[in-house]
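Labels below follow one simple rule: chain letters A, B, ... track the order of the sequence lines, proteins then strands, and each chain is numbered from 1.
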Number of protein chains: 2
Amino acid sequence: MPLPETEIPGRLQAELMSRGLRMTRQRRTILSVVETAKQHLDASQLLRRARRLDPQIDRVTVYRTLGLLKRHGLIDELDLMHMQGEKHFYERRPQRDHIHMACLRCGKITEFESDLFDRLKGQIQRDCRFHIVVTRLEVGGYCAQCRTTDQPKD
Amino acid sequence: MPLPETEIPGRLQAELMSRGLRMTRQRRTILSVVETAKQHLDASQLLRRARRLDPQIDRVTVYRTLGLLKRHGLIDELDLMHMQGEKHFYERRPQRDHIHMACLRCGKITEFESDLFDRLKGQIQRDCRFHIVVTRLEVGGYCAQCRTTDQPKD
DNA sequence: TATAATGTTGCATACCAGTTGCAATAAGGA
DNA sequence: TCCTTATTGCAACTGGTATGCAACATTATA
């Protein structure tokens, strides 16, 4: 994921502490993995990386910490069109929502920000009188590289 | 789901047959359940309804038929923000894409069509040179009824 | 209408991501 | 430092979905 320059390392940790949550060694480790990830990671990848820093960390702790971060709106959960089973992927909640495009052929994930998307969310809030907490726009299709070559069959 | 008047009963069956697929008793049953559903159903609900019409239908057949319909782009798979576990919900692919809004408090699912959404998809295709096959825009938040009352706690 | 070829089904079993109960442990305030 | 309470790790479990395989049904063909 493009990590914006404005992001402060340790931000997640500071956020959780300011909410009065206990900062354990395990949480610090997991948060640092989430913060330094350059791509979207699933729980097991997250666990593997966390274990490189703290070998006795348990996967349950990873799941619980992810749940915590989700409930506090600090990370977003992605499905990425379920291209690799049913696992979920995580990213720090960005300042501005973006769209995830998944190429059904090469599997590449691309992110895209758009004013139209922002306006669409505004329209939903107004027209539907719906208070948006979280949005997820995922698009499956063929990226520029793959759409020129043969398409996969059924 | 709002089933548009333009929808022809037996449409799914005709579509599959025109693609040269075998039309079995089980498939006919499952297709009719999908076609007549008035809400988004998950695999187990679909199975229960199919069994009312054909008691010996097996759940794997439901999963396999759903997979088939998905691959042929005849139904869409929804997560509905994973509010009820990890199950998936299904709906016939509509003529025009719509947004699913899930109320995090009462669980109500609302659908919404929007020109802005159509334009956004156009922008993605153009600006990202991405050929869209399927989109999924899900929004979690609080509906008009629920946003006025107390919010749930962490 | 019978037959052959191939696609589809049902059963049992396995799988995989994620969850839960509970006793042991550790964080942070007094 | 002690005490309270949150958090952890282990093991076992759950729910949704997928698979191998033999039996069977569908469709094309004769």
Quiz prompt | Those residues that, when tested against B/Ser32, pass side chain to side chain donor-acceptor pair (under 3.5 Å) (two or more places apart) | solution = none
Exercise. Write out all pairs satisfying side-chain hydrogen bond (donor to acceptor under 3.5 Å, both in side chains) with one or both partners inside residues 44-55 of chain A, taking only residues at least two apart or from two chains.
Key: A/Arg25-A/Asp54, A/Asp42-A/Ser44
Quiz item: Base, sugar-phosphate, or nothing: which does B/Arg27 touch, judged by heavy atoms less than 4.0 Å apart?
Solution: sugar-phosphate
Quiz item: Atom NZ of A/Lys87 and atom C1' of C/dG18: how far apart are they, to the nearest Å?
Solution: 13 Å
Self-check item: With sequence neighbours excluded, residues passing side chain to side chain donor-acceptor pair (under 3.5 Å) with B/Glu113
Solution: B/Arg96
Quiz item: Can you name the residues that form a salt bridge (Lys or Arg N to Asp or Glu O under 4.0 Å) with B/Asp58, not counting sequence neighbours?
Solution: none
Quiz item: Does the side chain of A/Ile75 reach to within under 4.5 Å of the side chain of A/Glu91, using non-hydrogen atoms?
Solution: no
Self-check item: Euclidean distance, atom CG of residue A/Asp42 to atom C1' of C/dC16 [Å, nearest integer]
Solution: 12 Å
Quiz prompt | Length of the NE2-P vector between B/His82 and C/dG18, whole Å | solution = 9 Å
Quiz prompt | Euclidean distance, atom CD of residue B/Glu86 to atom C1' of C/dC15 [Å, nearest integer] | solution = 16 Å
Practice problem: If a protein heavy atom is under 4.0 Å from the base, mark B; if only from the sugar-phosphate, S; if neither, -; do that for nucleotides 23-30 of chain C going 5' to 3'. | Solution: ---BBS--
Self-check item: Partners passing side chain to side chain donor-acceptor pair (under 3.5 Å) against B/Lys121 (at least two apart in sequence or in another chain)
Solution: B/Asp97
Quiz item: B/Ile57 has an atom CD1; how far is it from atom C1' of C/dT8, in whole Å?
Solution: 12 Å
Quiz item: Hey, which of these two, A/Thr61 or B/Arg59, hits DNA chain D nearer its 5' end, going by closest nucleotide?
Solution: A/Thr61
Exercise. Please list, in 5' to 3' order, the outermost nucleotides of DNA chain D lying under 4.0 Å from any heavy atom of chain A.
Key: D/dT5 to D/dA12
Quiz item: Other than A/Ile124, what residues sit in its cluster of Ile, Leu, Val, Met, Phe, Trp and Tyr side chains whose heavy atoms are under 4.5 Å apart, directly or through others?
Solution: A/Ile99, A/Met101, A/Phe112, A/Leu116, A/Phe117, A/Leu120, A/Phe130, A/Ile132, A/Leu137, A/Val139, B/Ile99, B/Met101, B/Phe112, B/Leu116, B/Phe117, B/Leu120, B/Ile124, B/Phe130, B/Ile132, B/Leu137, B/Val139
Quiz prompt | Presence of salt bridge, B/Glu35 and B/Arg92, under 4.0 angstrom | solution = yes
Quiz prompt | Rounded interatomic separation in angstrom, taking CG from B/Asp58 and C1' from C/dA12 | solution = 10 Å
Self-check item: Listed once per pair and sorted, the side-chain hydrogen bond (donor to acceptor under 3.5 Å, both in side chains) pairs that draw on residues 13-22 of chain A, sequence neighbours left out
Solution: A/Glu15-A/Arg19, A/Arg19-A/His72
Exercise. Starting from P on C/dG18, measure out to NE2 on B/His88 and report it in whole angstrom.
Key: 11 Å
Practice problem: Sorted by first residue and then second, give each salt bridge (charged side-chain N to carboxylate O under 4.0 Å, His left out) pair with at least one member in residues 72-81 of chain A; sequence neighbours left out. | Solution: A/Lys70-A/Glu77, A/Asp76-A/Arg93, A/Asp79-A/Arg136
Self-check item: A/Thr110: partners by side chain to side chain donor-acceptor pair (under 3.5 Å), with sequence neighbours left out
Solution: none
Practice problem: Write down the distance between OH (B/Tyr63) and C1' (C/dC16), rounded to a whole number of angstrom. | Solution: 13 Å
Exercise. Compute the angle between the rotation axes at the two ends of the helix from C/dT1-D/dA30 to C/dA30-D/dT1, each taken over five pairs, rounded to 10 degrees.
Key: 40°
